[in-house]
Asker: 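This is the structure I have questions about; it appears just below.
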Amino acid sequence: MLSTINFCIIAAIVLYLLVMLAIGFVFSKKNENASDFYLGGRKIGPIVTAMSAEASDMSSWLLMGLPGVAYLSGVCDAFWTAFGLAIGTWFNWYLVARRLRRYSSNLNAITVPEFFSRRYHDDKKILNAIAALVIIIFFIPYTASGFAACGKLFNSLFGVNYTVAMVASAMVILCYTIMGGFSAVSTTDLIQSCVMTIALVVVLGFGISTAGGVNAVIDNAQSLAGYLSLTSMHDMAGNTATPYGPITIISTMAWGLGYFGMPHILLRFMAIKDEKKLVLSRRIASVWVVIAMSVAIIIGVVGYGMTKAGALEFLEGSASETIIVKIAGLISQHGVFAAVVAGIILAGILAATMSTSDSQMLAAASSVSQNIVQDFFKVKLTEKQSLAIARGTIFAISVIAVFLARDPNSSVFGIVSFAWAGFGGAFGAVMLCALFWKRSTKKGALAGMIAGGVTIFVWKYCVRPLGGAWNIYELLPAFLVSLAAIVIVSLLTAKPDETIIKEFEEACGK
């Protein structure tokens with residue numbers, strides 16, 4: 001029989017999901033064309049732009065992956081990852097946002113692949129097609145990580161079958177994304193970022209109290225070899241410290257390079273109504289990211305303090321990623337109001353997951369409908385047909401992602417790190433060169449995109465397993481290889497024609 005506590009938790013979550021679906025339904029009435037569906041008609045405000053970008057960025061990784069890493073190995077790996085991401089966030093907003101908004105608007109490009117093709121006057125749309133394929137390849141596992149997080153949440157808390165919970169969550173995300181498009185996704189992301197913030201603050205406060213206070217948490221962490229160090233990681237098996245050298249630090253900070261190639265984040269820059277408001281968006285986004293990631297790491301440390309205090313059982317392996325779920329379960333034991341609060345916290349985890357999955361599916365849908373079907377294969381579609389194909393693509397991606405997420409033991413952090421590297425390696429250097437180097441050419445961009453994407457797979461599966469100095473996060477070598485390919489091939493091929501140069505100077509200056 002369903003207990004009062006579980007009823008309150010489920011009621012809070014269901015109410016939250018119904019609100020998300022209602023938003024999708026409302027915005028479904030406002031999608032008159034592809035620009036509305038993919039970019040919200042370029043009418044998004046600065047606060048929605050900032051918070052939807054960061055909500056779609058952080059994903060379930062913020063509330064599950066990051067605390068889980070800190071819980072098991074201490075602050076080192078989590079800190080350098082977060083530090084790189086914080087720097088990358090600020091530079092992305094500062095360097096890329098305004099130029100991309102203006103340039104994409106001047107060229108009337110509504111997707112990232114379309115921007116690349118129009119930027120380099122790629123009449124055959126090869127850049128368009130390759131970029132679209134990259135998006136599909138890496139967004140499917142990224143979306144799968146989000147579905148897996150939902151499945152773990154309900155399985156861990158209620159004992160609900162992992163597969164059933166994962167599929168049900170996927171269906172909700174699928175429904176409001178298909179109905180409402182970009183405007184619905186951005187609006188729900190704003191709400192979801194607020195819910196995520198509430199979840200982080202409440203969990204942190206309760207966790208510290210349960211662990212015996214700040215001093216108890218610190219004393220416990222200090223008793224573990226390397227747990228609070230920034231140059232070593234804690235090894236739970238032997239209570240020893242594993243060195244975390246300069247190469248590893250640089251490799252980990254390379255997470256920040258990924259921002260320059262994230263389609264679901266770059267689309268936010270393209271969609272803002274007034275480019276002058278991007279300064280406000282940058283400040284809001286940067287501050288929120290730093291605070292949110294810092295709190296998530298601290299929660300991991302506090303969570304281990306709760307384990308030592310006997311409030312939580314020890315969480316091994318990928319189970320450590322459910323630390324916030326476990327803490328929410330403890331909160332729910334303190335009465336009806338606490339159960340509702342716990343439901344909001346769990347909705348926050350759903351929010352983190354949904355805010356990324358919806359954005360990714362939307363970007364992948366635009367890649368198929370706009371970039372492959374219409375631009376590359378030159379199939380003439382009406383607005384209605386284009387939206388139908390986009391929605392069909394979202395459904396297909398969801399089905400594949402559900403299949404990939406079927407293993408309950410899969411690591412959210414591991415899946416996200418690979419997909420993140422894929423986009424950063426394939427698109428990061430290409431985007432920077434497209435916006436800052438007018439001598440870059442179409443062939444250079446194509447070479448960089450392919451070289452970066454291929455390097456991700458080669459480095460992860462062939463080079464990195466060698467260990468030692470080769471154990472570098474695949475994003476860093478892929479980004480450097482991509483950049484080198486762009487520069488070399490661009491210098492070896494003919495200069496861009498005057499029309500391309502003029503368009504560049506109008507958008508980016510001389």
Side-chain angles (χ1 to χ4, degrees), residues 33-35 38-39 41-42 92 94-135 260-261 263 266-276 278 363 366-367 369-381 383 386 426-453 482-510:
N33 53 49
S35 178
Y38 298 139
L39 281 184
R42 297 189 198 268
N92 201 30
Y94 183 76
L95 295 175
V96 174
R98 179 170 289 193
R99 289 192 178 209
L100 180 58
R101 169 61 176 84
R102 186 184 304 145
Y103 212 162
S104 64
S105 180
N106 290 354
L107 298 175
N108 195 30
I110 62 174
T111 69
V112 172
E114 187 177 27
F115 167 72
F116 287 140
S117 267
R118 295 196 176 199
R119 156 68 174 87
Y120 292 106
H121 287 205
D122 177 21
D123 296 329
K124 295 182 179 179
K125 308 297 182 183
I126 296 175
L127 270 175
N128 217 338
I130 297 296
L133 287 174
V134 169
I135 287 175
F260 303 124
L266 297 173
L267 282 174
R268 266 63 184 182
F269 302 158
M270 297 165 65
I272 194 168
K273 183 177 181 180
D274 182 359
E275 67 174 63
K276 295 178 182 178
L278 283 167
S366 67
S367 296
S369 176
Q370 188 72 31
N371 306 133
I372 294 179
V373 176
Q374 295 187 73
D375 294 339
F376 185 70
F377 288 111
K378 302 188 185 303
V379 178
K380 299 294 182 182
L381 298 175
E383 293 290 352
S386 177
F427 291 157
V430 179
M431 179 58 73
L432 290 177
C433 288
L435 297 175
F436 288 93
W437 190 31
K438 60 184 175 184
R439 177 63 178 83
S440 62
T441 66
K442 176 180 67 177
K443 291 181 179 179
L446 183 60
M449 198 178 294
I450 294 173
S482 175
L483 181 61
I486 296 167
V487 173
I488 292 171
V489 174
S490 291
L491 293 177
L492 290 176
T493 52
K495 293 181 179 180
D497 62 42
E498 289 302 317
T499 305
I500 296 178
I501 296 296
K502 183 179 179 180
E503 290 173 350
F504 179 92
E505 292 177 346
E506 286 176 352
C508 307
K510 298 181 178 182

Asker: Specify the closest pair of heavy atoms between Leu100 and Met270, including all atoms of both residues, with the distance to one decimal.
Answerer: CG-CG, 3.7 Å

Asker: If you look at every heavy atom in Tyr103 and Leu435, which pair is closest and at what distance?
Answerer: CD1-CD2, 3.9 Å

Asker: Determine, for Glu498 against Lys502, whether the closest basic-nitrogen to carboxylate-oxygen distance falls under 4.0 angstrom.
Answerer: no

Asker: Any donor and acceptor pair, going by atom type alone, linking the side chain of Arg101 with main-chain N or O of Ile272 inside 3.5 Å?
Answerer: yes

Asker: For Thr441, is there any backbone N or O sitting under 3.5 Å from a side-chain donor or acceptor partner on Ser490?
Answerer: yes

Asker: What residues, two or more places apart in sequence or in another chain, satisfy side-chain hydrogen bond (donor to acceptor under 3.5 Å, both in side chains) together with Arg98?
Answerer: none

Asker: If you compare all heavy atoms of Ile486 against all heavy atoms of Cys433, which two are closest, and at what distance to 0.1 Å?
Answerer: CG2-SG, 3.8 Å

Asker: How close do Val430 and Ala445 get, counting heavy atoms only, and between which atoms?
Answerer: CG2-O, 3.8 Å

Asker: Do Leu127 and Lys442 come close enough that some side-chain heavy atom pair is under 4.5 Å?
Answerer: yes

Asker: Ser440: what forms a side-chain hydrogen bond (donor to acceptor under 3.5 Å, both in side chains) with it, not counting sequence neighbours?
Answerer: Arg119, Tyr120

Asker: Is it true that atom OH of Tyr94 has more than 12 heavy atoms of other residues, nucleotides or ligands lying nearer than 6.0 Å?
Answerer: no

Asker: Do other residues, nucleotides or ligands put more than 12 heavy atoms under 6.0 Å from the NZ atom of Lys443?
Answerer: no

Asker: If the test is side chain to side chain contact (heavy atoms under 4.5 Å, CB included), which one of Val112, Asn92, Leu95 qualifies with Met431?
Answerer: Val112

